Amino acid sequence: MNDESPKVQELKELWQGQKTEGVRMSVAEVQASAGKFQRRIQGRNAREYVASVVMVAFFGFEFWRAGDLLVRIGFALMIAGICFLAWQLHARASWSPLPGDVGLSSYVEYKRRELERQRDALNSVWRWYLGPLIPGMAMLLVAFFRANPGHLKHPSFIVVPEAIFFAAISFGIARLNSNAARKLQKEIDELDEGTR
Amino acid sequence: MDVEQIQPVKDANDSRDSQFEEAAAIYGAALERLARAYEADPDARRDLVQEILIALWRSFEGFDGRCSLRTWVYRVAHNTAASHVTRQMRIRQRVFVGLEELAELPDTTEGEAAAGQRDEIALLYELIEQLRPLDRQVMVAYLEGMDAASTAEIIGLSARNVATKIHRIKQVLSRRFQARRFQEGERDER
């Protein structure tokens, strides 16, 4: 039984009969635009790595300046950690145009893949975002106390507050990401519900 | 590369180009209507249409006829436009609703409708712009005259689910636009 009212049918006709601007592109124009588009994406992704480049330059300068071996090892580990982090950001979160096979995927399939990618990145934040920086920071802390043994006389004034502060920040970041990952999982479950 | 290697590549490119031209000729106007459903700003909308056309051209490299041209074109268009909306959501912090919530929202256009100041297409777009991408796709497909099965193939929902959403769409449209017609009738009588 058709439960479509005359008014709704009228709206459909109104919709389909709309005047459009006539935006059209020839194949040559599309090819030229595709090239410009790709270069814009590359520029956008490159800007996201500026912070990493600045940090590597800073730690590289400190590495060159440092005389102590442990401090140099600490800075070298920080540089390695930042490079690893930047590579992971590129692999997990850089913005890319829709894949060429976008027509093979329904919206649900395409959206699901995106949500899963983001969820997995958030769930593994310790492995690829916080973790890589720990070796360098730990080594620099060891090198600092080795060079300033006087500070160890009152560890509770420095070591404990620093350790608590770092643990709190890390826990907070991990907790926020875990909550965000749960929300994404909820969206994935809602999408799956709609396919049944 | 010798001529025998160049020719298949050239043929593949010609095929992609001609498929694109065919799709643009048949679905060009529908793609503009679809873009309007996802983007209200005229300049951003023109960019979105171009983005869809670029994605369509690129996608034909992988088109092997396993689905109809219409399904392919609408999948590319909706996925591109939905991606655009997701980016805009992050920038503009917009919140969208589903069809069920839209049915329950009060009709804020009653006053303007009674004054006859808004045309129906503008009101239709206002409704659509409130919807989450998935429900927006169902609404647009319905207005384009597609049945539940075709819409389900494009979007990836079950046909049963799409049919339920279409039923909801009819209710929302009837309620909003019949009420408006009634108010206009009352005004004319006065």
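Since the structure is predicted, the reported quantities are computational estimates derived from the model, not experimental observations. The sequence lines fix the lettering, A, B, ..., with proteins before strands; numbering per chain opens at 1.
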Output the distance between atom [atom1] ([X]) and atom [atom2] ([Y]), rounded to the nearest 0.5 Å.
X	Y	atom1	atom2	answer
A:Glu4	B:Ser174	CD	OG	8.5 Å
B:Asn161	A:Thr195	CG	OG1	8.5 Å
B:Glu144	A:Lys12	CD	NZ	10.5 Å

Aromatic contact, B:Tyr142 with A:Trp15 (centres under 6.0 Å):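 For B:Tyr142 and A:Trp15, the ring centres are not under 6.0 Å apart.
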
Electrostatic pair A:Glu109:B:Arg75 at N-O distance under 4.0 angstrom: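 Looking at A:Glu109 and B:Arg75, the cut-off is not met.
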
What I want to find out is whether B:Glu32 reaches A:Arg24 closely enough, with some N-O distance under 4.0 Å, to be called a salt bridge.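 A salt bridge is present here (some side-chain N lies under 4.0 Å from a carboxylate O).
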
Minimum heavy-atom distance B:Lys170-A:Val8, with the two atoms named: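 Scanning both residues, the minimum pair turns out to be O-CG2, 4.0 Å.
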
For B:Ile121 versus A:Gln18, what's the shortest heavy-atom pair and its separation?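 Closest pair (atom of B:Ile121, atom of A:Gln18, distance): CD1-CG, 3.8 Å.
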
Side-chain (B:Glu120) to main-chain (A:Leu11) donor-acceptor, under 3.5 angstrom: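 Checking the backbone N and O of A:Leu11 against the side chain of B:Glu120, no donor-acceptor pair under 3.5 Å is found.
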
Heavy-atom donor-acceptor pair, B:Asn79 side chain to A:Ser105 backbone, under 3.5 Å: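 A pair under 3.5 Å: yes.
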
Using non-hydrogen atoms only, which part of [X] is less than 4.5 Å away from chain B: side chain, backbone, both, or neither?
X	answer
A:Lys111	side chain
A:Val30	both
A:Glu193	backbone

Under 4.5 Å from any heavy atom of chain A, what part of [X] do you find: side chain, backbone, both or neither?
X	result
B:Glu153	backbone
B:Leu134	both
B:Ile128	side chain
B:Arg160	side chain

Heavy atoms, side chains only, cut-off 4.5 Å: are B:Trp57 and A:Gln31 in contact?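 Of all side-chain heavy-atom pairs linking A:Gln31 with B:Trp57, at least one is under 4.5 Å.
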
Under 4.5 Å between any side-chain heavy atoms of A:Ser33 and B:Ile54, yes or no?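 Yes. Closest side-chain heavy atoms under 4.5 Å.
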
